[in-house]
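One structure follows; several queries about it will come next.
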There are 2 protein chains.
Amino acid sequence: MRAGVSRALVSIVFRGVPGASEAARERVLAAARDLDYRPDTRARRLGRSRTGTLGVVFSVGHAFHGDLLESLYEEAESAGYELVLSGVTRSRPEDQAVETLLAERCEGLLLLGSDFPRARLGALAERVPVVSVLRPVKAPGVDVVRTDDAHGMRQVVEHLVGLGHKGIALLDGGRAAGAAQRRQGFRAAARRLLPGRDEVLIPGGLTEEDGAQAAEAWLDLARPAPSAVAAFNDPCALGFIDVVRQAGVRVPQDVSVVGFDDVRQAGYAHVGLTTVRQEARQLGAAALRRLTARLDADEVDADGSDMGEVVIAPALVVRGSTAAPGR
Amino acid sequence: MRAGVSRALVSIVFRGVPGASEAARERVLAAARDLDYRPDTRARRLGRSRTGTLGVVFSVGHAFHGDLLESLYEEAESAGYELVLSGVTRSRPEDQAVETLLAERCEGLLLLGSDFPRARLGALAERVPVVSVLRPVKAPGVDVVRTDDAHGMRQVVEHLVGLGHKGIALLDGGRAAGAAQRRQGFRAAARRLLPGRDEVLIPGGLTEEDGAQAAEAWLDLARPAPSAVAAFNDPCALGFIDVVRQAGVRVPQDVSVVGFDDVRQAGYAHVGLTTVRQEARQLGAAALRRLTARLDADEVDADGSDMGEVVIAPALVVRGSTAAPGR
DNA sequence: GAATTCTACTAGAGCGCTCTAGTCGTGTCA
DNA sequence: TGACACGACTAGAGCGCTCTAGTAGAATTC
C-alpha cells in the first residue's frame with residue numbers, strides 16, 4: 001500500500017521473520033521512515049495469540065525496587081519480552097496495580113515485595129504465572145525469588161557478637177516482605193551466640209519514620225540498653241541513627257547500628273552504614289528466568305504443580321556504623 | 001451471549017454509559033464476576049478513537065521522580081486518564097523509553113527531567129503533546145512545569161550569607177535538568193550579596209558519587225577554602241559530606257552544606273540536611289493539568305502554538321548541616 | 001388510536017495489526 | 001517437458017473491544 005506493498009509484507013518486515021526479499025525489506029523500512037510510521041503496540045498484541053508482555057508490580061519510591069527494575073529491564077530485553085510497569089503508592093493499592101496488568105493481558109507477573117496474603121497470591125497464580133520477588137510465600141503455583149534473609153541476619157549478629165556486643169536489639173519489620181525470615185535468623189543466631197540473654201525486639205518498619213519511632217523506644221529502655229541494633233532495612237537504620245544522634249548518642253561509640261539492603265545511600269549517610277547487601281542483578285535475572293521458563297515450557301508440565309524457590313545469598317558490608325562496645 | 005446478552009450491552013455496562021437497565025447492568029456484572037472476566041485493555045484502546053493513556057518517562061531509582069509519580073498517578077485517576085510508565089536506566093536510554101510510549105499510542109507525554117536536546121523535544125512535540133517536567137526548555141509546542149530553580153538557589157545563598165559566610169562554592173549540576181537555572185541563580189545572588197568575591201564552581205552532578213568527587217576537589221582547594229557549599233541536589237550534598245567527614249572535616253562547624261530537592265532521606269542523613277524543597281504534589285498536578293488541558297481542548301486552538309510554562313516556588317528547609325562559619 | 005418519543009437493547013462495521021492459506025513466477029529434477 | 005518444490009508475496013479472517021445505526025416495544029401526546 002504505502003510503499004506499493006501489502007500490509008502483510010509490512011508485518012513480515014517488522015516482525016523480522018523470513019519471507020521477504022532484501023529489496024522489499026529495505027523499501028518498506030525506508031517508507032516507514034519517511035512516514036514516521038511505527039507499528040501500533042496495541043494492535044500488535046491483539047492480533048497475536050501471545051502478548052509477549054510481563055507485568056511488574058513495584059513500590060514507587062522504594063530504592064531497592066528501583067535497582068531491581070533496572071536489572072529486570074535488561075533481562076526482559078534479552079529474553080524477548082516487554083515489561084509493563086504498574087506502581088504501588090499510598091493512594092494506589094497493590095490490588096489496583098495487579099488488576100491493571102491483568103486487564104492488559106500480561107503473560108506473567110513479577111511482584112516485588114508483594115503485600116498480598118498467601119491465599120490471594122495462590123488464587124492469582126491460578127490465572128497467570130506469578131513470581132514473588134523478595135517476599136517468601138508458600139502458595140501453590142507461586143515461584144519465589146528472594147535473598148536469604150535469615151542468613152543475612154545471622155551474619156549481622158555474628159559480626160556484632162564478634163565485636164564484643166552482648167546486647168543486641170532488632171528493629172523488627174513486622175509483616176513486611178522478608179521480615180519474618182530476618183526475625184527468625186536474628187533469633188536463631190542470638191540464641192546460639194548469646195545464650196541466656198533475653199531477645200529485645202522493637203517494632204520498626206520499612207521507612208525512616210519507623211526507624212525514628214524505634215529510636216524513641218530504644219531511648220526509653222532501661223539502661224544499660226542493648227549496645228547494638230540490627231534494623232529491618234537501611235532507611236529504618238538511618239531514621240534510628242538520626243534520632244539517637246539528636247539525643248546525644250554517638251554512633252558507633254555508644255551504639256552500633258546495622259541496616260539491610262545496601263541501598264545506594266547507605267554508603268553515603270553518616271559514617272557509612274554497615275549493612276547486608278542484596279544482589280539486585282542476581283535477583284532480577286533469576287526472577288525473569290523463572291517466569292520465562294514457565295511461559296516457554298510446554299503447557300503440559302508448566303501446569304503450576306512444580307513451584308520453586310530461588311534463594312540468593314547476601315553479603316555483609318562493614319562500614320563505619322559498627323564498632324566494639326564500651327567507652 | 002454469556003449472561004444472555006449481546007456483546008454491545010456488556011460494553012455499555014463496563015463503560016458505565018447510559019443505555020442499560022439496572023437489572024441488565026447487574027446481570028452483566030454478576031456474570032462477569034462469575035467468569036472472572038475483565039475487559040481487555042488492548043482491545044479497548046484499539047476500538048476507541050482515543051486511547052486515554054498518558055505516557056510517563058522517568059528515571060528508575062531517582063528518588064524525586066518517585067515522589068512525582070505518586071502525585072501523577074493520583075491526578076491521572078481523577079482526570080480519567082491512564083498512565084503508562086516507561087523507565088530510563090543506565091542500559092535503557094530515553095529514546096527507547098519514548099519510542100515505546102509512541103508505539104503504545106499515548107495521547108500525551110510527560111517527561112521527567114528529560115535529557116533530550118531542544119530540537120529533539122520540539123520534533124517530538126509536533127507529533128504529540130509533550131510536557132517537560134523539571135527541565136526548562138524553550139522548544140515550540142513543549143509545555144514546561146518546573147520549580148523556580150534560580151529562586152531556590154537564591155534562597156540558599158541568602159541563607160548562607162545571612163549566617164556570615166563569605167566564601168560559597170557551588171557543586172554544579174552540569175547539563176542536568178534545572179542545573180543551568182540553579183547556576184544562574186547562584187551567580188546572580190553571589191554577585192549581589194558578595195560583591196568582589198570570586199565565584200567558585202566545582203563540577204558536581206546528580207549522584208552521591210558526583211558529590212564525593214566534588215569533595216575531593218574541594219579538599220584540594222587552596223586554604224582557606226569556601227566555608228559553605230551549595231550542592232546541585234541532595235544526593236550530591238550527601239556524597240560530599242561523606243567524603244569530607246572522612247577527611248576529618250566537621251559539618252556544619254567547618255563547612256556548611258546545602259542540598260536541593262528535599263528527598264525523603266534528606267531529613268534523616270547526618271545532622272539533617274538543609275535543603276530546598278520542591279513540591280512534588282504541585283508539580284505533578286500542574287503537569288497533568290497542563291497536558292490534559294491541551295488534549296481536551298478543541299483541536300483548533302490546541303495547535304501547539306501557545307506553549308506555556310508553570311513555575312512552582314520552592315522553599316528553603318533549614319536543618320543541621322548549616323551554621324555560622326569559623327571556630 | 002395513530003403518531004411520536006423514549007428506553008433498552010442488538011447487529012455489524014471498524015480499529016491496526018497477525019497469521020493461515022493461498023497465488024504466482026522460477027528453478028530443479030527425472 | 002511435465003511434476004514438484006521453493007521463495008516472495010497477497011487476500012482475508014480474526015483478535016476483543018467500541019460505537020453508529022437501527023429495531024422492538026412501552027410510554028406519552030394530541
Side-chain angles (χ1 to χ4, degrees), chain A residues 1-53 55 80-82 84 99-107 127-128 295, chain B residues 1-53 55 80-82 84 99-107 127-128 295:
Chain A
M1 34 200 310
R2 342 173 172 269
V5 293
S6 73
R7 202 179 0 166
L9 224 206
V10 176
S11 173
I12 288 173
V13 170
F14 271 97
R15 279 180 296 148
V17 298
S21 65
E22 213 32 64
R25 212 168 274 275
E26 267 166 35
R27 205 146 33 91
V28 168
L29 289 175
R33 222 172 301 124
D34 263 22
L35 298 164
D36 195 19
Y37 162 86
R38 77 200 85 226
D40 186 323
T41 323
R42 305 165 302 165
R44 224 172 177 174
R45 291 180 189 155
L46 234 202
R48 243 174 337 199
S49 53
R50 298 182 50 178
T51 62
T53 57
Y81 282 91
E82 226 174 316
V84 178
E99 203 54 40
T100 309
L101 297 176
L102 288 178
E104 196 84 54
R105 301 294 188 267
C106 290
E107 290 186 41
R127 163 162 325 289
V128 60
L295 293 173
Chain B
M1 31 202 310
R2 343 170 172 272
V5 292
S6 74
R7 200 174 5 164
L9 224 207
V10 177
S11 173
I12 287 174
V13 171
F14 271 98
R15 278 179 297 149
V17 298
S21 66
E22 212 33 63
R25 212 170 273 276
E26 267 167 34
R27 203 146 33 90
V28 168
L29 288 176
R33 223 171 303 125
D34 262 22
L35 299 164
D36 196 18
Y37 162 86
R38 77 201 85 227
D40 187 324
T41 323
R42 306 165 301 166
R44 216 165 187 182
R45 291 181 189 153
L46 232 203
R48 245 172 337 197
S49 53
R50 298 183 51 178
T51 61
T53 57
Y81 282 90
E82 226 173 317
V84 179
E99 202 55 39
T100 309
L101 296 176
L102 289 178
E104 196 84 53
R105 299 295 187 268
C106 289
E107 290 186 43
R127 163 165 325 288
V128 61
L295 292 174

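Every chain is numbered from 1, with letters handed out A, B, ... down the list of sequences.
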Exercise for the section: Kindly indicate whether the side chain of A:Leu102, heavy atoms from C-beta on, has any atom under 4.5 Å from the side chain of A:Arg105. Expected result: no
Problem - Options C:dG16, D:dC17, C:dC17, nucleotide nearest the side-chain atoms of A:Leu46 - result: C:dG16
Exercise for the section: Using salt bridge (charged side-chain N to carboxylate O under 4.0 Å, His left out) as the criterion, list what pairs up with B:Glu82, not counting sequence neighbours. Expected result: B:Arg45
Exercise for the section: Could you say whether A:Pro39 or B:Ile12 is positioned toward the 5' end of DNA chain C, judged by the nucleotide with the nearest heavy atom to each? Expected result: B:Ile12
Problem - Whole angstrom value for the distance that separates P of D:dG16 from CD of A:Glu104 - result: 15 Å
Fill in the blank from the handout: Rounded to whole Å, the CG-C1' distance (A:Asp40 to D:dC15) equals 13 Å
With the criterion being N/O to N/O and under 3.5 Å, what pairs connect the protein with nucleotides 21-28 of chain C, and how long is each?
none

Practice task
Can you tell me the distance, in whole Å, between the CZ atom of A:Arg105 and the C1' atom of C:dC17?
Solution key: 18 Å
Exercise for the section: With sequence neighbours excluded, tell me which residues meet side chain to side chain donor-acceptor pair (under 3.5 Å) with A:Arg25. Expected result: none
Exercise for the section: To the nearest 0.5 Å, tell me how far B:Ile12 CD1 sits from B:Ser21 OG. Expected result: 10.5 Å
Exercise for the section: Determine: side-chain N/O of B:Ser21 to OP1/OP2 of C:dT7, distance under 4.0 Å, yes or no. Expected result: no
Exercise for the section: Would you give the length of the straight line joining atom OH of A:Tyr37 to atom CG of A:Leu29, rounded to the nearest 0.5 angstrom? Expected result: 11.0 Å
Fill in the blank from the handout: To the nearest angstrom, the CG-P distance between B:Leu9 and C:dT10 comes to 5 Å
Problem - Single hit among B:Thr51, B:Thr53, B:Val128 for side chain to side chain contact (heavy atoms under 4.5 Å, CB included) with B:Cys106 - result: B:Thr53
Exercise for the section: In whole angstrom, give the distance that lies between atom CZ of A:Arg44 and atom P of D:dG14. Expected result: 22 Å
Practice task
Only pairs at least two apart or in different chains count here, so list each ring-ring contact (aromatic ring centres under 6.0 Å, His included) that has a residue in residues 15-35 of chain A.
Solution key: none
Practice task
Kindly calculate the angle separating the two end axes of the helix from C:dG1-D:dC30 to C:dA30-D:dT1, each obtained from five base pairs, and round it to 10 degrees.
Solution key: 50°
Atom pairs, N/O to N/O, protein against nucleotides 19-21 of chain D, distance under 3.5 Å?
from, atom 1, to, atom 2, distance (Å)
D:dC19, OP2, B:Arg15, NH1, 2.7

Exercise for the section: Of all the heavy-atom pairs spanning B:Thr100 and A:Thr41, show the shortest one and how long it is. Expected result: O-OG1, 4.4 Å
Completion exercise
Walking DNA chain D from its 5' end, the first of B:Arg45 and A:Ala20 to be reached, judged by nearest nucleotide, is A:Ala20
Problem - Separation between CD of A:Glu104 and CG of B:Asp40, rounded to the nearest 0.5 Å - result: 8.0 Å
Practice task
Would you name the heavy atoms of B:Leu9 and B:Ala24 that are closest together and state the gap between them?
Solution key: CD1-CB, 4.1 Å
Exercise for the section: Over all heavy atoms of both residues, which pair between B:Phe14 and B:Arg44 is shortest? Give the atoms and the distance, please. Expected result: O-NH2, 3.3 Å
